[in-house]
Amino acid sequence: MDLFDWLTLTTAGKFVFTMLVSMIPIIELRGGLPFGVALGLPYYLAFPAAVIGNIIPAPFIIVYIRRIFMMMRKYIPRLNGLVDKLERKAHLKGKKVLKYQNIGLWLFVAIPLPGTGAWTGSLAAAFLGIRLKKALPAVILGVLTAGCIMLGLTHVGINLFSA
């Protein structure tokens with residue numbers, strides 16, 4: 001059995017595949033949860049796989065993204081445009097978060113819309129100087145909330161399209 005077969009044919013593989021998809025920026029849990037269910041994972045396994053996968057990058061983003069951006073600027077100057085764009089996005093989204101602090105960060109991550117989520121919320125927290133100890137619980141609560149919303153939407157969507 002090769003890796004692709006393991007990822008698509010076994011329950012453990014589907015769990016890992018769902019986690020990996022949920023770790024991808026933009027897709028995150030919003031795409032990972034329906035992906036896991038579509039792979040054939042039961043809801044009770046797709047939910048934790050998507051949540052865990054979406055949370056894994058958050059502490060690294062909060063702690064290291066500023067250093068990574070500085071290194072990118074120094075060693076790969078042709079990526080300056082991308083770094084500028086990401087920093088602008090973080091500052092723009094950060095204004096909303098800063099106004100309401102942890103509740104704002106939680107709600108920002110919880111709303112399963114494009115441009116929100118754990119990646120952008122963690123990026124905003126890093127650029128606003130919110131320490132990991134305060135930011136991570138809000139991000140985790142936001143991911144769990146988004147997961148519940150997506151679980152309901154996935155269930156409704158599957159029932160609509162399978163009827």
Residues 59-74, side-chain donor-acceptor partners within the protein, below 3.5 Å, at least two apart:
from, atom 1, to, atom 2, distance (Å)
Arg66, NH1, Ala126, O, 3.4
Arg73, NH1, Asp84, OD1, 3.0
Arg73, NH2, Asp84, OD1, 2.5
Arg73, NH2, Glu87, OE1, 2.9

For residues 28-43, which side-chain N or O atoms pair as donor and acceptor with protein atoms under 3.5 Å away, sequence neighbours left out?
from, atom 1, to, atom 2, distance (Å)
Glu28, OE1, Asn54, ND2, 3.0
Glu28, OE1, Ala118, N, 2.8
Glu28, OE1, Trp119, N, 3.4
Arg30, NH1, Thr116, O, 2.8
Arg30, NH2, Ile26, O, 3.1
Arg30, NH2, Thr116, O, 3.1
Tyr43, OH, His155, ND1, 3.2

**Request:** Under the side-chain contact (heavy atoms from CB on, under 4.5 Å) rule, what do Lys14 and Thr8 come out as? Steps first, then yes or no, please.
**Result:** CA-CA 6 Å; Lys14 292 174 185 179; Thr8 57; 5.8 Å; no
**Message:** Let's go through Trp106 and Val139 carefully: what are the C-alpha distance in whole Å and the side-chain angles of both, what is the deciding distance for side-chain contact (heavy atoms from CB on, under 4.5 Å) to 0.1 Å, and is it a yes or a no?
**Reply:** CA-CA 6 Å; Trp106 161 58; Val139 170; over 6 Å; no
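Nearest heavy-atom pair across Ala46 and Thr18 is O-CG2, 4.1 Å. Scanning both residues, Cys148 and Phe47, for their nearest heavy atoms gives N-CE1, 3.6 Å. Across all non-hydrogen atoms, the minimal contact from Gly115 to Thr120 is O-CG2, 3.6 Å.
In terms of hydrophobic clustering, with Ile, Leu, Val, Met, Phe, Trp and Tyr side chains grouped at heavy-atom distances under 4.5 Å, Val143 and Ile27 are assigned to different clusters. Leu144 and Leu107 are members of different hydrophobic clusters when ILVMFWY side chains are connected at heavy-atom separations under 4.5 Å. The same ILVMFWY cluster, assembled from side-chain heavy atoms under 4.5 Å apart, contains both Leu86 and Val109. One hydrophobic cluster, built from ILVMFWY side chains closer than 4.5 Å, holds both Leu105 and Leu132. At a threshold of 4.5 Å between side-chain heavy atoms, the hydrophobic network of Ile, Leu, Val, Met, Phe, Trp and Tyr places Val16 and Leu3 in one connected group.
Here the straight-line distance linking atom CD1 of Ile55 with atom CE of Met23 works out to 11.5 Å at 0.5 Å rounding. Once rounded to the nearest 0.5 Å, the distance linking CG of Leu136 with OG of Ser122 reads 7.5 Å.
No more than 12 heavy atoms of other residues, nucleotides or ligands lie within 6.0 Å of CD1 in Ile103, so this atom counts as exposed by the packing criterion.
Residues meeting the side-chain contact (heavy atoms from CB on, under 4.5 Å) test with Met19, sequence neighbours left out: Phe15, Ala49, Ile52, Ile56.
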